[in-house]
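The structure appears below as structure tokens.
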Amino acid sequence: ATTYDSWVLNAGPNGEKADNKWYISNAETFVGKNALYISSDGGKSLSYVDKTIYNVAYKEIFLPKGVYDLSFTWKCEGEIGADGLYVCWVPSKMATNSSVTSEPTFIKNTKLVFDGVDFLCGSKEWKTSTTVITHQSTSLYKLVFVWKNDESGTFAPSIVIDNIQI
């Protein structure tokens with residue numbers, strides 16, 4: 001895994017070997033100079049190749065018990081239902097490694113829902129998505145972004161995420 005500004009990118013051994021990797025750089029941004037995105041060409045663009053991957057980027061966050069709004073701005077064309085983004089709120093001690101074979105088990109019980117949808121894709125234009133996190137205890141959690149794609153084609157751009165706020 002690569003660490004950048006306390007983000008862990010391409011978590012686990014499968015993440016580093018993936019053709020489609022997470023980067024924090026300036027291939028495309030909504031505000032500021034950098035964004036978090038998937039790229040298959042070393043971070044130069046929001047391209048991706050059609051190889052099965054669930055690639056993970058996360059940041060550990062310590063919050064007091066309470067209710068919080070999570071929002072971020074994103075865009076991702078992706079193949080509807082096949083290539084896109086899961087966002088998860090995961091206890092820090094839970095493993096959140098990338099996978100090249102099947103959906104990691106942590107996704108099922110920790111994925112967040114944004115406007116009735118738990119898998120984000122289908123937008124070539126920038127969108128801002130917001131959800132509520134109910135944080136049950138004062139403890140360390142991970143904000144996890146999981147890029148999923150399969151082997152049946154690509155529809156650029158891949159995912160790009162910017163302006164993350166809690």
Side-chain angles (χ1 to χ4, degrees), residues 1-51 53-64 66 68-80 83-90 92 96-99 104 106-107 110-115 117-133 135 140-149 154-166:
T2 303
T3 304
Y4 182 94
D5 192 28
S6 71
W7 281 93
V8 175
L9 307 176
N10 312 303
N14 289 316
E16 281 298 318
K17 292 187 263 182
D19 292 307
N20 303 318
K21 290 188 175 122
W22 286 104
Y23 292 88
I24 296 176
S25 193
N26 60 2
E28 188 160 349
T29 64
F30 181 72
V31 295
K33 63 181 187 170
N34 289 321
L36 175 66
Y37 58 92
I38 285 286
S39 176
S40 63
D41 62 8
K44 296 176 192 159
S45 72
L46 276 65
S47 63
Y48 69 103
V49 296
D50 54 353
K51 299 237 176 136
I53 185 73
Y54 291 82
N55 208 343
V56 171
Y58 71 84
K59 183 172 190 157
E60 290 188 316
I61 299 171
F62 184 83
L63 293 174
Y68 298 88
D69 288 333
L70 165 65
S71 70
F72 56 92
T73 305
W74 64 278
K75 70 176 171 176
C76 167
E77 178 65 19
E79 180 184 2
I80 302 299
D83 304 340
L85 182 74
Y86 289 110
V87 183
C88 303
W89 187 245
V90 182
S92 179
T96 52
N97 287 331
S98 303
S99 173
F106 73 87
I107 293 174
T110 64
K111 62 187 169 186
L112 300 173
V113 176
F114 299 86
D115 298 319
V117 178
D118 64 10
F119 188 68
L120 303 177
C121 67
S123 180
K124 288 184 180 181
E125 304 299 322
W126 287 101
K127 293 177 75 171
T128 299
S129 290
T130 303
T131 195
V132 173
I133 296 171
H135 195 59
L140 195 60
Y141 265 65
K142 296 176 189 174
L143 174 59
V144 182
F145 293 107
V146 183
W147 165 255
K148 174 203 180 244
N149 70 270
T154 62
F155 298 85
S158 67
I159 189 70
V160 57
I161 303 164
D162 205 349
N163 198 28
I164 303 164
Q165 298 181 34
I166 295 179

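Side-chain atoms of Tyr37 and Ile24, non-hydrogen and from C-beta on, never get closer than 4.5 Å to each other. Looking at heavy atoms from C-beta onward, Phe155 lies out of side-chain contact with Asp50 at the 4.5 angstrom threshold. Here the side chains of Val87 and Phe114 are in contact, with some heavy-atom distance below 4.5 Å. Two residues are said to be in side-chain contact when any heavy atoms from C-beta on lie closer than 4.5 Å; Phe145 and Leu85 meet this criterion.
Note on ring orientation: taking the six-membered ring where Trp is involved, the planes of Tyr86 and Phe119 are tilted (angle from 30° to 60°). Ring-plane geometry between Tyr48 and Trp147 is classed as perpendicular, the angle between the planes exceeding 60 degrees on a 0 to 90 degree scale with a lower cut at 30.
Contact between Val146 and Ile107 at its shortest, heavy atoms only, is CG1-CD1, 3.8 Å. Considering every non-hydrogen atom in both Lys44 and Ala27, the closest pair reads O-CB, 3.6 Å. In this structure, Cys88 and Lys111 approach most closely via the heavy-atom pair SG-CA, 3.8 Å. The minimum heavy-atom distance linking Tyr58 with Ala11 is given by the pair CE2-CB, 3.9 Å. Contact between Cys76 and Gly84 at its shortest, heavy atoms only, is SG-CA, 4.1 Å. What you find for His135 and Pro64 is that their closest heavy atoms are CD2-O, 3.4 Å.
Proximity of a side-chain donor or acceptor of Ser99 to a complementary backbone N or O of Pro104 within less than 3.5 Å is not detected. Of the possible donor and acceptor atoms, one in the side chain of Ser158 sits under 3.5 Å from a partner among the backbone N and O of Leu46. Under a 3.5 Å cut-off, the side chain of Ser123 and the backbone N or O of Glu125 do form a donor-acceptor pair. Judged by distance alone, the side chain of Trp22 and the main-chain N or O of Asn55 form a donor-acceptor pair under 3.5 Å. A donor-acceptor pair under 3.5 Å is absent between the side-chain atoms of Thr131 and the main chain of Leu70, judged by distance alone. A distance-only check finds no donor-acceptor pair linking the side chain of Asp19 to the backbone of Ser40 [under 3.5 Å]. Using a distance-only test at 3.5 Å, with no hydrogens or angles considered, no donor-acceptor pair links the side chain of Thr29 to the main chain of Ala35.
With sequence neighbours excluded, no residue satisfies side chain to side chain donor-acceptor pair (under 3.5 Å) with Thr154. Take Lys148 and apply the salt bridge (charged side-chain N to carboxylate O under 4.0 Å, His left out) test, not counting sequence neighbours, and it matches no residue.
Ring centroid separation for the pair Phe72 and Phe30 does not come in under the 6.0 Å cut-off.
Of the inter-residue distances, the one linking Lys59 atom NZ with Leu36 atom CG reads 10.5 Å to the nearest 0.5 angstrom. The OG atom of Ser129 sits 10.0 Å away from atom CD1 of Ile161, with the distance rounded to the nearest 0.5 Å. The line from CG of Asp162 to NZ of Lys33 is 12.5 Å long, rounded to the nearest 0.5 Å. In this structure, OH on Tyr54 lies 12.0 Å from OG on Ser98, to the nearest 0.5 angstrom. Here the CG-CG distance, from Asn97 to Asn10, works out to 11.5 Å after rounding to the nearest 0.5 Å. Taken to the nearest 0.5 Å, the CD1 atom of Ile133 stands 7.5 Å off from the CG atom of Leu63.
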### Task
Apply the test side chain to side chain donor-acceptor pair (under 3.5 Å) to residues Asn20 and Asn149: give CA-CA distance (whole Å), side-chain angles for both, the deciding distance (0.1 Å), then the verdict.
CA-CA 9 Å; Asn20 303 318; Asn149 70 270; 3.1 Å; yes
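Defined by atom type and a distance below 3.5 Å, a donor-acceptor pair is present between the side-chain atoms of Lys142 and Thr96. With 3.5 Å as the limit, one finds no donor-acceptor pair spanning the side chains of Gln165 and Ser71. Checking Thr128 against Thr73 by side-chain atom types alone, a donor-acceptor pair falls below 3.5 Å.
Salt-bridge annotation for Lys75 and Glu28: present, with a side-chain N of the basic residue lying under 4.0 Å from a carboxylate O of the acidic one.
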